[in-house]
Amino acid sequence: MSGFFKSSIGRKVAMALSAFFLMFFLIMHVSINLLSVFSADTFNEASHFMGTNWLVQFIMQPVLILGVVFHFVLGFILEIRNKKAQGVKYAKNNGAANSTWMSRNMILSGFVILAFILLHFIDFWFPEINHKYIEVLPEDPTRYFGELQHKFMSPLRVGAYVVAFVLLGLHLGHGFTSAFQSMGITAGRKKTLQSIGKIYAIIIPAAFIFIALFHHFNH
Amino acid sequence: MKLTLKIWRQKSASDKGKLVDYKVDDVSSDMSFLEMLDVLNQDLIDKNEEPIAFDHDCREGICGMCSMFINGRAHGPDRSITVCQLHMRSFKDGDTIYIEPWRAAAFPVIKDLIVDRSAFDRIQQAGGFISVNTSGNTQDANGTLISKHAADTAMDAATCIGCGACVATCKNSSAMLFVGAKVSQYALLPQGQIEAADRVRNMVAQMDLEGFGNCTNTGACEIECPKGISLDNIARMNRELMKANLN
(Lines give C-alpha, C1' and ligand atoms only; values in the text may rest on other atoms or scores of the structure.)
Protein backbone atom coordinates (compact mmCIF):
# COMPACT_ATOMS: atom_id res chain seq x y z
CA MET A 1 0.00 0.00 0.00
CA SER A 2 2.97 2.38 0.59
CA GLY A 3 3.74 2.09 -3.15
CA PHE A 4 0.22 3.31 -3.88
CA PHE A 5 0.80 6.61 -2.04
CA LYS A 6 4.01 7.15 -4.00
CA SER A 7 2.06 7.07 -7.29
CA SER A 8 0.48 10.18 -8.80
CA ILE A 9 -3.01 8.81 -8.08
CA GLY A 10 -2.03 7.83 -4.54
CA ARG A 11 -0.97 11.42 -3.87
CA LYS A 12 -4.31 12.66 -5.25
CA VAL A 13 -6.11 10.30 -2.88
CA ALA A 14 -3.98 11.53 0.06
CA MET A 15 -4.88 15.14 -0.84
CA ALA A 16 -8.57 14.19 -1.03
CA LEU A 17 -8.56 12.36 2.33
CA SER A 18 -6.93 15.31 4.10
CA ALA A 19 -9.42 17.63 2.34
CA PHE A 20 -12.38 15.56 3.62
CA PHE A 21 -10.98 15.79 7.15
CA LEU A 22 -10.51 19.58 6.90
CA MET A 23 -13.96 20.08 5.35
CA PHE A 24 -15.51 18.15 8.26
CA PHE A 25 -13.55 20.30 10.71
CA LEU A 26 -14.87 23.49 9.06
CA ILE A 27 -18.47 22.35 9.69
CA MET A 28 -17.64 21.77 13.36
CA HIS A 29 -15.79 25.10 13.69
CA VAL A 30 -18.51 27.20 12.08
CA SER A 31 -21.22 25.45 14.13
CA ILE A 32 -19.52 26.38 17.42
CA ASN A 33 -18.80 29.93 16.22
CA LEU A 34 -22.44 30.42 15.20
CA LEU A 35 -23.43 29.82 18.83
CA SER A 36 -21.81 33.21 19.62
CA VAL A 37 -24.47 34.94 17.49
CA PHE A 38 -27.35 33.37 19.40
CA SER A 39 -26.10 33.08 22.99
CA ALA A 40 -22.92 34.28 24.70
CA ASP A 41 -23.39 31.74 27.52
CA THR A 42 -23.75 28.74 25.18
CA PHE A 43 -20.73 29.91 23.17
CA ASN A 44 -18.69 30.23 26.38
CA GLU A 45 -19.80 26.76 27.49
CA ALA A 46 -18.86 25.15 24.16
CA SER A 47 -15.53 27.01 23.99
CA HIS A 48 -14.69 26.12 27.59
CA PHE A 49 -15.39 22.45 26.82
CA MET A 50 -13.23 22.53 23.66
CA GLY A 51 -10.48 24.44 25.45
CA THR A 52 -10.26 22.14 28.46
CA ASN A 53 -11.24 18.67 27.23
CA TRP A 54 -8.05 16.54 27.04
CA LEU A 55 -9.27 14.55 24.01
CA VAL A 56 -9.82 17.78 22.04
CA GLN A 57 -6.65 19.44 23.32
CA PHE A 58 -4.14 16.62 23.12
CA ILE A 59 -5.50 14.32 20.40
CA MET A 60 -7.83 16.20 18.05
CA GLN A 61 -5.90 19.49 18.03
CA PRO A 62 -2.51 17.96 17.07
CA VAL A 63 -4.24 15.78 14.45
CA LEU A 64 -5.90 18.90 13.02
CA ILE A 65 -2.61 20.81 12.85
CA LEU A 66 -0.95 17.81 11.20
CA GLY A 67 -3.86 17.62 8.73
CA VAL A 68 -3.47 21.28 7.75
CA VAL A 69 0.33 21.00 7.42
CA PHE A 70 0.01 17.74 5.43
CA HIS A 71 -2.59 19.21 3.04
CA PHE A 72 -0.52 22.33 2.43
CA VAL A 73 2.89 20.62 2.09
CA LEU A 74 1.57 17.92 -0.27
CA GLY A 75 -0.32 20.55 -2.31
CA PHE A 76 2.87 22.58 -2.61
CA ILE A 77 4.94 19.51 -3.63
CA LEU A 78 2.34 18.54 -6.27
CA GLU A 79 2.34 22.11 -7.62
CA ILE A 80 6.13 22.06 -8.03
CA ARG A 81 6.04 18.64 -9.74
CA ASN A 82 3.24 19.80 -12.04
CA LYS A 83 5.16 22.95 -12.99
CA LYS A 84 8.14 20.71 -13.87
CA ALA A 85 5.88 18.54 -16.07
CA GLN A 86 4.71 21.57 -18.07
CA GLY A 87 7.97 22.32 -19.87
CA VAL A 88 7.94 25.45 -22.05
CA LYS A 89 4.96 27.77 -21.53
CA TYR A 90 2.56 28.64 -24.34
CA ALA A 91 2.86 32.13 -25.84
CA LYS A 92 -0.95 32.21 -25.82
CA ASN A 93 -3.04 30.04 -23.52
CA ASN A 94 -6.79 30.58 -23.14
CA GLY A 95 -7.39 28.62 -19.92
CA ALA A 96 -10.68 30.42 -19.26
CA ALA A 97 -12.18 28.69 -22.33
CA ASN A 98 -12.15 25.27 -20.69
CA SER A 99 -11.82 25.58 -16.92
CA THR A 100 -12.81 27.82 -14.01
CA TRP A 101 -10.47 30.36 -12.42
CA MET A 102 -10.80 28.66 -9.06
CA SER A 103 -9.78 25.25 -10.47
CA ARG A 104 -6.66 26.76 -12.06
CA ASN A 105 -5.63 28.77 -9.01
CA MET A 106 -5.98 26.39 -6.07
CA ILE A 107 -2.38 27.10 -5.04
CA LEU A 108 -3.08 30.86 -4.94
CA SER A 109 -6.26 30.51 -2.85
CA GLY A 110 -4.37 27.95 -0.76
CA PHE A 111 -1.60 30.45 0.01
CA VAL A 112 -4.14 33.11 1.03
CA ILE A 113 -5.85 30.57 3.32
CA LEU A 114 -2.47 29.63 4.80
CA ALA A 115 -1.68 33.29 5.46
CA PHE A 116 -5.10 33.60 7.10
CA ILE A 117 -4.44 30.53 9.28
CA LEU A 118 -1.20 32.18 10.48
CA LEU A 119 -3.13 35.37 11.31
CA HIS A 120 -5.79 33.28 13.02
CA PHE A 121 -3.14 31.47 15.10
CA ILE A 122 -1.60 34.80 16.14
CA ASP A 123 -5.07 36.13 17.00
CA PHE A 124 -6.53 33.18 18.89
CA TRP A 125 -4.38 30.08 19.18
CA PHE A 126 -1.07 31.52 20.47
CA PRO A 127 -2.78 33.69 23.18
CA GLU A 128 -4.84 30.63 24.15
CA ILE A 129 -1.77 28.36 24.45
CA ASN A 130 0.00 31.12 26.39
CA HIS A 131 -2.99 31.51 28.73
CA LYS A 132 -3.35 27.81 29.45
CA TYR A 133 0.04 26.20 29.21
CA ILE A 134 2.77 28.88 29.47
CA GLU A 135 1.53 31.49 31.96
CA VAL A 136 -0.97 28.94 33.38
CA LEU A 137 -3.52 31.63 34.26
CA PRO A 138 -6.67 30.67 36.20
CA GLU A 139 -9.44 29.49 33.87
CA ASP A 140 -12.47 31.79 33.55
CA PRO A 141 -15.22 29.86 31.66
CA THR A 142 -16.92 33.15 30.68
CA ARG A 143 -13.92 34.83 28.99
CA TYR A 144 -14.34 33.43 25.44
CA PHE A 145 -17.23 35.57 24.18
CA GLY A 146 -15.56 38.80 25.30
CA GLU A 147 -12.27 37.81 23.67
CA LEU A 148 -14.09 37.02 20.42
CA GLN A 149 -15.90 40.38 20.36
CA HIS A 150 -12.69 42.23 21.19
CA LYS A 151 -10.90 40.68 18.20
CA PHE A 152 -13.59 41.73 15.75
CA MET A 153 -13.58 45.40 16.80
CA SER A 154 -10.82 46.18 14.28
CA PRO A 155 -12.20 46.85 10.77
CA LEU A 156 -8.82 45.88 9.28
CA ARG A 157 -8.95 42.45 10.88
CA VAL A 158 -12.59 41.97 9.81
CA GLY A 159 -11.62 43.03 6.27
CA ALA A 160 -8.76 40.50 6.20
CA TYR A 161 -11.10 37.79 7.47
CA VAL A 162 -13.70 38.58 4.78
CA VAL A 163 -11.09 38.45 1.98
CA ALA A 164 -9.68 35.17 3.33
CA PHE A 165 -13.14 33.60 3.56
CA VAL A 166 -14.00 34.64 0.00
CA LEU A 167 -10.82 32.86 -1.13
CA LEU A 168 -11.75 29.89 1.09
CA GLY A 169 -15.09 29.79 -0.74
CA LEU A 170 -13.32 29.71 -4.10
CA HIS A 171 -10.93 27.01 -2.84
CA LEU A 172 -13.85 24.90 -1.63
CA GLY A 173 -15.82 25.64 -4.82
CA HIS A 174 -13.37 23.46 -6.73
CA GLY A 175 -11.92 21.41 -3.87
CA PHE A 176 -15.18 19.79 -2.73
CA THR A 177 -16.03 17.99 -5.99
CA SER A 178 -12.35 17.56 -6.83
CA ALA A 179 -11.85 15.50 -3.64
CA PHE A 180 -14.74 13.20 -4.59
CA GLN A 181 -13.40 12.89 -8.15
CA SER A 182 -9.93 11.96 -6.84
CA MET A 183 -11.51 9.25 -4.69
CA GLY A 184 -13.19 7.92 -7.82
CA ILE A 185 -16.73 8.34 -6.50
CA THR A 186 -18.21 10.91 -8.86
CA ALA A 187 -19.54 8.62 -11.60
CA GLY A 188 -23.31 8.87 -11.88
CA ARG A 189 -23.59 11.46 -9.13
CA LYS A 190 -21.45 14.28 -10.53
CA LYS A 191 -24.27 16.85 -10.75
CA THR A 192 -25.52 16.09 -7.23
CA LEU A 193 -21.99 16.43 -5.83
CA GLN A 194 -21.42 19.66 -7.77
CA SER A 195 -24.65 21.11 -6.32
CA ILE A 196 -23.75 20.05 -2.75
CA GLY A 197 -20.23 21.42 -3.32
CA LYS A 198 -21.57 24.80 -4.43
CA ILE A 199 -23.89 25.01 -1.41
CA TYR A 200 -21.07 23.98 0.96
CA ALA A 201 -18.58 26.43 -0.63
CA ILE A 202 -21.05 29.32 -0.23
CA ILE A 203 -22.64 28.55 3.15
CA ILE A 204 -19.49 27.80 5.20
CA PRO A 205 -17.48 30.95 4.23
CA ALA A 206 -20.66 33.09 4.29
CA ALA A 207 -21.37 31.94 7.86
CA PHE A 208 -17.82 32.81 8.97
CA ILE A 209 -18.11 36.24 7.28
CA PHE A 210 -21.50 36.80 8.93
CA ILE A 211 -20.05 35.98 12.38
CA ALA A 212 -17.13 38.40 11.90
CA LEU A 213 -19.42 41.23 10.68
CA PHE A 214 -22.04 40.51 13.37
CA HIS A 215 -19.55 40.94 16.19
CA HIS A 216 -17.94 43.95 14.52
CA PHE A 217 -21.25 45.81 14.42
CA ASN A 218 -22.66 44.48 17.73
CA HIS A 219 -19.87 44.81 20.27
CA MET B 1 -9.30 36.67 -45.80
CA LYS B 2 -5.95 38.16 -44.84
CA LEU B 3 -4.34 36.69 -41.75
CA THR B 4 -1.22 37.10 -39.66
CA LEU B 5 0.13 33.79 -38.40
CA LYS B 6 2.52 33.54 -35.47
CA ILE B 7 3.97 30.07 -35.88
CA TRP B 8 6.47 28.26 -33.65
CA ARG B 9 9.60 27.46 -35.66
CA GLN B 10 12.21 25.14 -34.21
CA LYS B 11 14.87 23.50 -36.38
CA SER B 12 15.46 20.49 -34.14
CA ALA B 13 14.88 19.11 -30.64
CA SER B 14 17.99 20.91 -29.40
CA ASP B 15 17.15 24.26 -31.03
CA LYS B 16 15.67 26.99 -28.81
CA GLY B 17 12.88 27.89 -31.25
CA LYS B 18 10.82 31.07 -31.60
CA LEU B 19 7.54 32.43 -32.95
CA VAL B 20 7.83 33.67 -36.53
CA ASP B 21 5.26 35.97 -38.21
CA TYR B 22 3.79 35.04 -41.62
CA LYS B 23 1.25 36.98 -43.67
CA VAL B 24 -1.22 34.95 -45.71
CA ASP B 25 -3.61 36.48 -48.26
CA ASP B 26 -6.54 35.02 -50.21
CA VAL B 27 -7.51 32.52 -47.55
CA SER B 28 -10.90 31.04 -48.32
CA SER B 29 -13.31 30.52 -45.43
CA ASP B 30 -14.04 27.06 -46.89
CA MET B 31 -10.43 25.93 -46.44
CA SER B 32 -9.58 23.61 -43.63
CA PHE B 33 -6.88 24.86 -41.27
CA LEU B 34 -4.39 22.31 -42.64
CA GLU B 35 -5.15 23.36 -46.23
CA MET B 36 -4.37 26.95 -45.23
CA LEU B 37 -1.01 25.72 -43.87
CA ASP B 38 -0.45 23.71 -47.09
CA VAL B 39 -0.89 26.95 -49.10
CA LEU B 40 1.54 28.77 -46.82
CA ASN B 41 4.05 25.93 -47.14
CA GLN B 42 3.81 26.01 -50.95
CA ASP B 43 4.58 29.75 -50.82
CA LEU B 44 7.59 29.06 -48.59
CA ILE B 45 8.85 26.32 -50.94
CA ASP B 46 8.44 28.69 -53.92
CA LYS B 47 10.58 31.22 -52.06
CA ASN B 48 13.21 28.55 -51.28
CA GLU B 49 12.40 28.75 -47.59
CA GLU B 50 12.02 25.83 -45.20
CA PRO B 51 8.33 24.75 -45.03
CA ILE B 52 6.63 24.44 -41.65
CA ALA B 53 6.78 20.87 -40.29
CA PHE B 54 3.48 19.67 -38.84
CA ASP B 55 1.94 16.25 -38.21
CA HIS B 56 -1.09 15.14 -40.22
CA ASP B 57 -2.37 11.90 -41.70
CA CYS B 58 -6.04 10.97 -42.18
CA ARG B 59 -7.43 14.53 -42.37
CA GLU B 60 -10.82 13.25 -41.25
CA GLY B 61 -10.59 13.48 -37.45
CA ILE B 62 -9.61 9.88 -36.78
CA CYS B 63 -5.83 9.61 -36.52
CA GLY B 64 -5.21 12.42 -34.02
CA MET B 65 -1.90 13.39 -35.58
CA CYS B 66 -2.61 17.09 -36.19
CA SER B 67 -1.32 18.35 -32.86
CA MET B 68 -1.50 22.15 -32.75
CA PHE B 69 -2.31 24.63 -30.04
CA ILE B 70 -4.20 27.36 -31.88
CA ASN B 71 -4.94 30.73 -30.29
CA GLY B 72 -4.47 29.29 -26.82
CA ARG B 73 -6.54 26.12 -27.27
CA ALA B 74 -5.78 22.55 -28.27
CA HIS B 75 -7.06 22.02 -31.84
CA GLY B 76 -8.30 25.62 -31.99
CA PRO B 77 -11.47 27.40 -30.96
CA ASP B 78 -14.17 24.84 -31.83
CA ARG B 79 -15.34 21.93 -29.63
CA SER B 80 -14.96 18.18 -30.28
CA ILE B 81 -12.79 18.45 -33.38
CA THR B 82 -9.20 17.92 -34.48
CA VAL B 83 -7.25 20.56 -36.44
CA CYS B 84 -8.05 18.93 -39.78
CA GLN B 85 -11.77 19.44 -38.99
CA LEU B 86 -11.21 23.10 -38.12
CA HIS B 87 -12.20 25.45 -40.94
CA MET B 88 -11.08 29.00 -41.67
CA ARG B 89 -14.67 30.23 -41.25
CA SER B 90 -13.95 30.03 -37.52
CA PHE B 91 -11.66 33.06 -37.98
CA LYS B 92 -12.19 36.62 -39.19
CA ASP B 93 -10.42 38.70 -41.81
CA GLY B 94 -7.43 40.46 -40.25
CA ASP B 95 -7.09 37.98 -37.35
CA THR B 96 -3.75 37.13 -35.81
CA ILE B 97 -3.49 33.41 -35.12
CA TYR B 98 -0.97 31.83 -32.73
CA ILE B 99 0.06 28.29 -33.76
CA GLU B 100 2.19 26.38 -31.26
CA PRO B 101 3.15 22.74 -30.71
CA TRP B 102 1.78 20.72 -27.73
CA ARG B 103 3.68 21.86 -24.66
CA ALA B 104 4.64 19.23 -22.08
CA ALA B 105 7.97 17.98 -20.78
CA ALA B 106 6.86 14.45 -21.76
CA PHE B 107 6.08 15.62 -25.33
CA PRO B 108 9.39 17.15 -26.50
CA VAL B 109 9.33 19.15 -29.74
CA ILE B 110 11.06 17.32 -32.62
CA LYS B 111 10.68 20.07 -35.21
CA ASP B 112 8.42 23.14 -35.55
CA LEU B 113 4.92 21.88 -34.64
CA ILE B 114 5.81 18.18 -34.41
CA VAL B 115 6.16 16.67 -30.95
CA ASP B 116 7.28 13.22 -29.83
CA ARG B 117 4.21 11.43 -28.41
CA SER B 118 5.89 8.03 -28.05
CA ALA B 119 5.33 8.29 -24.27
CA PHE B 120 1.69 7.34 -25.03
CA ASP B 121 2.89 4.25 -26.94
CA ARG B 122 5.00 3.14 -23.97
CA ILE B 123 2.05 3.62 -21.58
CA GLN B 124 -0.14 1.56 -23.90
CA GLN B 125 2.52 -1.15 -24.14
CA ALA B 126 2.72 -1.28 -20.34
CA GLY B 127 -0.78 -2.75 -20.08
CA GLY B 128 -3.29 -1.36 -22.59
CA PHE B 129 -4.20 -4.73 -24.06
CA ILE B 130 -5.73 -8.14 -23.27
CA SER B 131 -3.89 -11.43 -23.75
CA VAL B 132 -5.98 -13.78 -25.91
CA ASN B 133 -5.37 -16.94 -27.85
CA THR B 134 -5.45 -16.01 -31.54
CA SER B 135 -4.20 -19.32 -32.92
CA GLY B 136 -7.42 -20.36 -34.60
CA ASN B 137 -9.42 -20.84 -31.40
CA THR B 138 -11.04 -17.42 -31.23
CA GLN B 139 -14.24 -17.48 -29.18
CA ASP B 140 -17.59 -16.54 -30.66
CA ALA B 141 -18.26 -12.85 -29.96
CA ASN B 142 -21.62 -13.69 -28.36
CA GLY B 143 -20.10 -16.34 -26.08
CA THR B 144 -19.52 -13.77 -23.33
CA LEU B 145 -22.57 -11.68 -22.56
CA ILE B 146 -21.98 -7.97 -21.99
CA SER B 147 -24.66 -5.47 -20.94
CA LYS B 148 -25.53 -2.76 -23.45
CA HIS B 149 -24.55 -0.05 -20.94
CA ALA B 150 -21.11 -1.62 -20.29
CA ALA B 151 -20.49 -2.12 -24.01
CA ASP B 152 -21.50 1.48 -24.83
CA THR B 153 -19.41 2.99 -21.99
CA ALA B 154 -16.39 0.87 -22.98
CA MET B 155 -16.84 1.98 -26.60
CA ASP B 156 -17.00 5.63 -25.51
CA ALA B 157 -13.64 5.17 -23.72
CA ALA B 158 -12.21 3.29 -26.72
CA THR B 159 -12.88 6.25 -29.02
CA CYS B 160 -9.79 7.97 -27.55
CA ILE B 161 -7.43 8.51 -30.48
CA GLY B 162 -4.39 9.29 -28.32
CA CYS B 163 -3.92 12.74 -29.88
CA GLY B 164 -2.55 14.24 -26.66
CA ALA B 165 -4.89 17.27 -26.56
CA CYS B 166 -5.68 16.37 -22.93
CA VAL B 167 -2.00 16.71 -21.99
CA ALA B 168 -1.55 19.83 -24.12
CA THR B 169 -4.44 21.70 -22.55
CA CYS B 170 -3.88 20.56 -18.96
CA LYS B 171 -2.15 23.16 -16.80
CA ASN B 172 -0.27 20.26 -15.19
CA SER B 173 0.44 18.37 -18.46
CA SER B 174 -1.37 15.39 -16.99
CA ALA B 175 -2.07 12.32 -19.12
CA MET B 176 -4.77 10.96 -16.84
CA LEU B 177 -7.65 11.35 -19.33
CA PHE B 178 -5.74 9.26 -21.89
CA VAL B 179 -4.67 6.60 -19.38
CA GLY B 180 -8.12 6.67 -17.73
CA ALA B 181 -9.76 5.98 -21.10
CA LYS B 182 -7.38 3.12 -21.92
CA VAL B 183 -7.82 1.55 -18.46
CA SER B 184 -11.62 2.00 -18.58
CA GLN B 185 -12.07 0.47 -22.01
CA TYR B 186 -10.89 -2.88 -20.60
CA ALA B 187 -12.07 -2.48 -16.99
CA LEU B 188 -15.67 -2.28 -18.21
CA LEU B 189 -15.53 -5.55 -20.14
CA PRO B 190 -15.30 -9.13 -18.79
CA GLN B 191 -12.35 -9.84 -21.08
CA GLY B 192 -10.35 -7.15 -19.33
CA GLN B 193 -10.85 -8.45 -15.79
CA ILE B 194 -8.11 -11.09 -15.70
CA GLU B 195 -5.27 -8.58 -16.13
CA ALA B 196 -7.11 -5.61 -14.58
CA ALA B 197 -4.91 -5.13 -11.48
CA ASP B 198 -1.59 -5.46 -13.32
CA ARG B 199 -2.88 -3.29 -16.17
CA VAL B 200 -3.76 -0.26 -14.06
CA ARG B 201 -0.67 -0.58 -11.86
CA ASN B 202 1.70 -0.84 -14.83
CA MET B 203 0.05 1.87 -16.93
CA VAL B 204 -0.03 4.37 -14.05
CA ALA B 205 3.60 3.52 -13.15
CA GLN B 206 4.65 4.12 -16.79
CA MET B 207 2.65 7.37 -16.91
CA ASP B 208 4.48 8.61 -13.80
CA LEU B 209 7.82 7.47 -15.22
CA GLU B 210 7.26 9.46 -18.43
CA GLY B 211 7.06 12.69 -16.42
CA PHE B 212 3.42 13.68 -16.92
CA GLY B 213 1.93 15.90 -14.22
CA ASN B 214 -0.80 15.13 -11.72
CA CYS B 215 -4.48 15.75 -12.45
CA THR B 216 -6.09 18.51 -10.38
CA ASN B 217 -9.55 17.94 -11.85
CA THR B 218 -9.88 21.26 -13.70
CA GLY B 219 -11.86 19.45 -16.41
CA ALA B 220 -10.05 21.26 -19.27
CA CYS B 221 -9.10 17.92 -20.88
CA GLU B 222 -12.72 16.79 -21.14
CA ILE B 223 -13.69 20.09 -22.82
CA GLU B 224 -10.82 20.01 -25.35
CA CYS B 225 -10.90 16.27 -26.14
CA PRO B 226 -11.94 15.86 -29.80
CA LYS B 227 -13.74 12.63 -28.89
CA GLY B 228 -15.47 13.91 -25.74
CA ILE B 229 -13.79 11.40 -23.38
CA SER B 230 -15.43 11.87 -19.98
CA LEU B 231 -13.70 12.66 -16.67
CA ASP B 232 -15.57 9.62 -15.32
CA ASN B 233 -12.77 7.58 -16.88
CA ILE B 234 -10.23 9.24 -14.58
CA ALA B 235 -12.46 8.48 -11.57
CA ARG B 236 -12.72 4.85 -12.76
CA MET B 237 -8.93 4.59 -13.14
CA ASN B 238 -8.50 5.94 -9.58
CA ARG B 239 -10.96 3.31 -8.32
CA GLU B 240 -9.23 0.57 -10.30
CA LEU B 241 -5.82 1.50 -8.84
CA MET B 242 -7.21 1.61 -5.29
CA LYS B 243 -8.89 -1.76 -5.85
CA ALA B 244 -5.67 -3.24 -7.30
CA ASN B 245 -3.68 -2.09 -4.27
CA LEU B 246 -6.25 -3.21 -1.70
CA ASN B 247 -6.47 -6.75 -3.08
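Proteins get letters first, then strands, A, B, ... in listed order; numbering begins at 1 in each. Keep in mind the model is a prediction, meaning the values are calculated, not measured.
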Can you tell which part of A:Ser182 gets under 4.5 Å to a heavy atom of chain B, answering side chain, backbone, both or neither?
both
Of B:Asn71, B:Leu19, B:Ile234, the largest count of non-hydrogen pairs under 4.5 angstrom with chain A goes to B:Asn71
Would you mind checking if B:Asp208 and A:Lys6 are paired as a salt bridge, meaning a charged N to carboxylate O distance below 4.0 Å?
no
Hey, which residues of residues 211-227 of chain B are touching chain A, say heavy atoms under 4.5 Å apart?
B:Gly211, B:Phe212, B:Gly213, B:Asn214, B:Cys215, B:Thr216, B:Asn217, B:Thr218, B:Gly219, B:Ala220, B:Glu222, B:Ile223, B:Glu224
Would you say A:Phe76 has more than 12 foreign heavy atoms packed within less than 6.0 Å of its CZ?
no
On a heavy-atom basis, which atom in B:Ser230 and which in A:Lys190 lie closest, and how many Å separate them?
OG-NZ, 4.2 Å
Can you tell which of B:Glu100, B:Arg79, B:Glu210, B:Met207 has the highest number of heavy-atom pairs within less than 4.5 Å of chain A?
B:Glu100
Examine whether an atom of B:Pro77 lies under 4.5 Å from a heavy atom of chain A, and if so say whether it belongs to the side chain, the backbone or both; otherwise answer neither.
neither
Can you pull out the residues in residues 81-96 of chain A with any heavy atom less than 4.5 Å from chain B?
A:Asn82, A:Lys84, A:Ala85, A:Gln86, A:Gly87, A:Val88, A:Lys89, A:Tyr90, A:Ala91, A:Lys92, A:Asn93, A:Asn94
With a cut-off of 6.0 Å (strictly less than), are more than 12 heavy atoms of other residues, nucleotides or ligands near NZ of A:Lys132?
yes
Would you mind telling me which of B:Ser173, B:Pro108, B:Ala205, B:Ala74 has the largest number of heavy-atom pairs within less than 4.5 Å of chain A?
B:Ser173
Heavy-atom pairs under 4.5 Å with chain B: which of A:Ala97, A:Gly175, A:Ser99, A:Ser8 has the most?
A:Ser8
For B:Ala235 versus A:Gln181, what's the shortest heavy-atom pair and its separation?
N-NE2, 3.6 Å
Identify which part of A:Ile9 has an atom lying under 4.5 Å from any heavy atom of chain B, answering side chain, backbone, both or neither.
both
Below 4.5 Å from any heavy atom of chain A, which atoms of B:Leu241 appear? Answer side chain, backbone, both or neither.
both
Nearest 0.5 Å, please: how far is NZ in B:Lys171 from CG in A:Asn105?
7.5 Å
Does any heavy atom of chain A fall under 4.5 Å from the side chain of B:Ala168, the backbone, both, or neither of them?
both
For atom CZ of A:Phe24, is the number of surrounding heavy atoms from other residues, nucleotides or ligands below 6.0 Å larger than 12?
no
Report which part of B:Leu231 has an atom under 4.5 Å of a heavy atom belonging to chain A: side chain, backbone, both, or neither.
both
